[in-house]
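For reference, the structure is listed below as structure tokens.
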Amino acid sequence: MSQVDAEGVVDGLRRTYISGKTKSYEWRVSQLKALLKITTHHDKEVVEALRADLKKPEHEAYVHEIFMVSNACKSALKELHQWMKPQKVKTSLATYPSSAEIVSEPLGVVLVITAWNYPFLLALDPMIGAIAAGNCVVLKPSEIAPATSALLAKLLNQYVDTSAIRVVEGAVPEMQALLDQRWDKIFYTGSSKVGQIVLSSAAKHLTPVVLELGGKCPTVVDANIDLKVAARRIISWKWSGNSGQTCISPDYIITTEENAPKLVDAIKCELESFYGKDPLKSQDMSSIINERQFERMTGLLDDKKVSDKIVYGGQSDKSNLKIAPTILLDVSEDSSVMSEEIFGPLLPIITVGKIEECYKIIASKPKPLAAYLFTNDKKRTEEFVSNVSAGGITINDIALHFLEPRLPFGGVGESGMGSYHGKFSFDAFSHKKSVLKRSFGGEVAARYPPYAPWKLHFMEAILQGDIFGLLKAWLGWSS
Ligand SMILES: NC(=O)c1ccc[n+]([C@@H]2O[C@H](COP(=O)([O-])OP(=O)(O)OC[C@H]3O[C@@H](n4cnc5c(N)ncnc54)[C@H](O)[C@@H]3O)[C@@H](O)[C@H]2O)c1
């Protein structure tokens with residue numbers, strides 16, 4: 001796509017937006033229903049595309065992507081009317097007599113850029129918010145998941161109103177052409193490195209952004225818990241979560257020296273019950289997305305600082321781009337596996353004397369997208385929630401805050417800015433317009449010149465909502 005093509009796409013959408021078509025409730029509902037149809041009429045094709053891109057098991061394709069998109073559509077369809085309603089707010093003495101409301105208005109023409117790891121979900125989930133809020137949208141899927149990118153382009157062209165919703169496939173040149181345009185919002189999911197490129201391009205036009213980035217998500221495992229349940233839940237969003245290629249997968253574990261061997265045994269035992277003795281042959285685990293990521297992952301294991309720390313797994317099969325679930329015990333803090341986001345099937349365990357030492361380790365790294373704690377101790381839970389700054393937290397499970405549509409999903413610090421899901425998606429793509437209405441009554445002479453001391457006292461009392469002060473000023477008393 002050339003610069004001129006990108007300009008053409010945006011100009012076309014801007015004309016549609018100005019026509020006012022996308023603002024109506026009916027248009028929004030029709031487009032959300034079209035997205036829902038994609039999930040119900042073409043689910044098998046989506047499963048096939050995800051298998052081609054990631055060897056994603058059918059179960060994960062449905063649970064982590066297709067059902068998530070259809071649920072988000074259904075909940076937007078159910079709640080849209082309510083979301084669109086102006087929200088009445090109380091007014092103060094300063095504006096008396098008046099009424100006030102917050103009106104949600106669409107932003108205009110928005111760009112949604114997505115990552116490859118959940119290429120169906122991460123494309124359509126933000127789009128649901130953008131459409132519900134009444135915007136025109138360009139979707140740029142990830143070229144690194146080409147089968148899903150092509151399917152999204154085909155299905156969206158077939159189902160949605162292409163005068164308002166467009167898909168632009170491609171890689172860096174297409175991204176650059178798109179980023180050179182003026183947008184009313186950019187919603188980006190991906191790495192921090194590209195997030196910086198997006199943010200600096202957006203700055204040229206003062207375009208607001210949502211950045212959904214990654215980071216190293218810590219998982220703290222306390223003593224005296226049900227280790228079998230904890231192990232199963234950790235596995236479910238580490239290896240069963242796209243082979244660890246998930247932004248909210250546990251990146252590393254912190255536990256006590258005493259607890260570590262028991263935890264390792266529990267994870268090993270559950271891994272074997274899930275994937276058998278030769279996990280490389282299991283059909284229930286995704287592959288690594290491509291050779292570049294495969295080499296990066298095996299490179300992390302070849303690091304001298306970690307190669308003798310493998311206590312489970314470590315096998316790989318380049319021809320199938322598979323890496324076995326791998327546990328590393330007591331890796332050094334300055335190894336690459338502990339300094340960069342792993343985003344794959346390796347799980348380092350850091351041991352400490354006392355569990356409270358976890359706070360220092362977590363705080364020594366950039367703020368993560370998610371943090372997890374397994375404990376039976378209520379005080380420890382409160383302490384963790386108060387001490388750990390993260391995009392979101394789940395206690396005694398992994399990633400479940402992501403599934404809860406009434407919770408905002410997003411990062412903090414280096415893990416991102418802004419949030420979405422449910423009503424938060426609608427809000428992410430809306431401007432909250434303040435509207436105050438008055439009649440011609442309620443004139444107050446103190447507002448206007450010629451100014452006088454009593455007028456100043458009067459205005460001070462009005463702005464502070466001080467009725468007694470108002471009376472004093474009115475009657476000419478000074479304090
Ligand atoms: N917060 C979340 O919801 C979330 C979800 C999934 C992934 N992630 C994060 O995303 C990262 C992995 O995703 P990724 O590798 O697809 O990200 P990426 O940043 O490489 O790619 C994302 C998008 O940026 C484009 N892009 C790539 N290089 C570019 C460049 N030089 N200039 C302009 N555009 C470019 C790609 O075409 C793609 O559409 C991980 O860090 C992960 O934690 C975050």
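No hydrogens, no waters, no symmetry mates; every other heavy atom, side chains included, goes into these values. First listed ligand is number 1; within each ligand, the first listed atom is number 1.
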Which part of Ile248 is near ligand 1, with near meaning a heavy atom under 4.0 Å away: side chain, backbone, both or neither?
neither
Charged tip of Lys56 within 45° of Tyr62 ring normal and under 6.0 Å
no
State, to 0.1 Å, how close Arg233 and Ile398 come at their nearest heavy-atom pair, and which atoms those are.
O-CG1, 3.5 Å
Lys21 atom NZ, over 12 foreign heavy atoms within 6.0 Å
yes
In the protein, what heavy atom is nearest to atom 9 (C) of ligand 1, and what distance, to one decimal place, separates them?
Gly190 O, 3.3 Å
So is there a nitrogen or oxygen of Val172 less than 3.5 Å from a nitrogen or oxygen in ligand 1?
no
For Leu213, atoms of ligand 1 separated by under 4.0 Å from a heavy atom:
1 (N), 2 (C), 4 (C), 44 (C)
Once you round to the nearest 0.5 Å, how far does OG1 of Thr40 lie from NZ of Lys33?
12.5 Å
Number the atoms of ligand 1 from 1 as they appear, then name those within less than 4.0 Å of a heavy atom of Leu122, with their elements.
5 (C), 6 (C)
Under 6.0 Å between the ring centres of Phe429 and Phe187?
yes
For Lys432, is there an ion pair with Asp427 - N to carboxylate O distance below 4.0 angstrom?
yes
Ligand 1 to Ile113, heavy atom cutoff 4.0 Å, flagged ligand atoms 23 (C), 39 (O)
Element-labelled atoms of ligand 1 that are located less than 4.0 Å from some non-hydrogen atom of Tyr188
18 (P), 19 (O), 22 (C), 23 (C), 24 (O)
I'd like to check which ligand 1 atoms, numbered from 1 as shown, lie under 4.0 Å from a non-hydrogen atom of Phe343.
12 (C), 40 (C), 42 (C), 43 (O)
Any idea which atoms of ligand 1 are less than 4.0 Å away from a heavy-atom of Thr189?
2 (C), 3 (O), 4 (C), 5 (C), 6 (C), 22 (C), 44 (C)
At a non-hydrogen distance cut-off of under 4.0 Å, which region of Lys193 contacts ligand 1 (side chain, backbone, both, or neither)?
neither
Minimum heavy-atom separation for Ser286 to Glu60, with atom names?
OG-OE1, 3.9 Å
Any salt bridge between Lys140 and Glu169, counting N to O under 4.0 Å?
no
Among non-hydrogen protein atoms, atom 3 (O) of ligand 1 lies closest to Phe409 CE2, 3.4 Å
What distance do Ser249 atom OG and Ile235 atom CD1 have between them, rounded to the nearest 0.5 Å?
12.5 Å
Compare every heavy atom of Thr375 with every heavy atom of Asn396, then report the nearest pair and how far apart it is.
OD1-N, 2.8 Å
Of the backbone atoms (N, CA, C, O) and the side-chain heavy atoms from C-beta on, which set of Glu341 has a member under 4.0 Å from an atom of ligand 1: side chain, backbone, both, or neither?
side chain
For atom 13 (O) of ligand 1, what is the nearest protein heavy atom, given as residue, atom name and distance?
Ala115 CB, 3.6 Å
Shortest protein contact, atom 14 (P) of ligand 1 (heavy atom only):
Trp116 NE1, 3.4 Å
Closest non-hydrogen protein atom to atom 36 (C) of ligand 1, residue and atom name please, with distance?
Glu143 OE1, 3.4 Å
Hey, which atoms in ligand 1 end up nearer than 4.0 Å to a heavy atom of Ile197?
30 (C), 31 (N), 32 (N)
Identify the protein heavy atom lying closest to atom 4 (C) of ligand 1, giving its residue, its atom name and the separation to 0.1 Å.
Cys247 SG, 3.2 Å
Which of these, Asn290, Thr148, Asn117, sits in a side chain to side chain donor-acceptor pair (under 3.5 Å) with Asp53?
Thr148
If I apply the N/O under 3.5 Å rule, does Thr114 come out as touching ligand 1?
yes
Looking only at protein heavy atoms, which one is nearest to atom 28 (N) of ligand 1, and what is the separation?
Val194 CG2, 3.4 Å
Centroid-centroid under 6.0 Å between Trp116 and Phe343 rings:
yes
Does Tyr420 reach ligand 1 with a nitrogen or oxygen that is under 3.5 Å from one of the ligand's nitrogen or oxygen atoms?
no
When you look at NZ of Lys367, are more than 12 heavy atoms from neighbouring residues, nucleotides or ligands closer to it than 6.0 Å?
no
So between Gly170, Ser142, Pro173, Ser191, whose heavy atom ends up nearest atom 20 (O) of ligand 1?
Ser191
How far is atom 34 (N) of ligand 1 from its nearest protein heavy atom, and which residue and atom name does that atom have?
Met175 CE, 3.0 Å
Any donor-acceptor pair under 3.5 Å linking the side chain of Thr207 with the backbone of Trp183?
yes
Give the atom numbers and elements of ligand 1 that come within less than 4.0 Å of a heavy atom of Asn117.
6 (C), 7 (C)
Note: Glu212, heavy atoms under 4.0 Å from ligand 1, region reported as both
Would Lys281 pass as a cation-pi partner of Tyr275, given that its NZ or CZ must be under 6.0 Å from the six-membered ring centre and within 45 degrees of the axis?
no
Indicate, as side chain, backbone, both or neither, the part of Leu369 found under 4.0 angstrom from ligand 1 when only non-hydrogen atoms are considered.
side chain
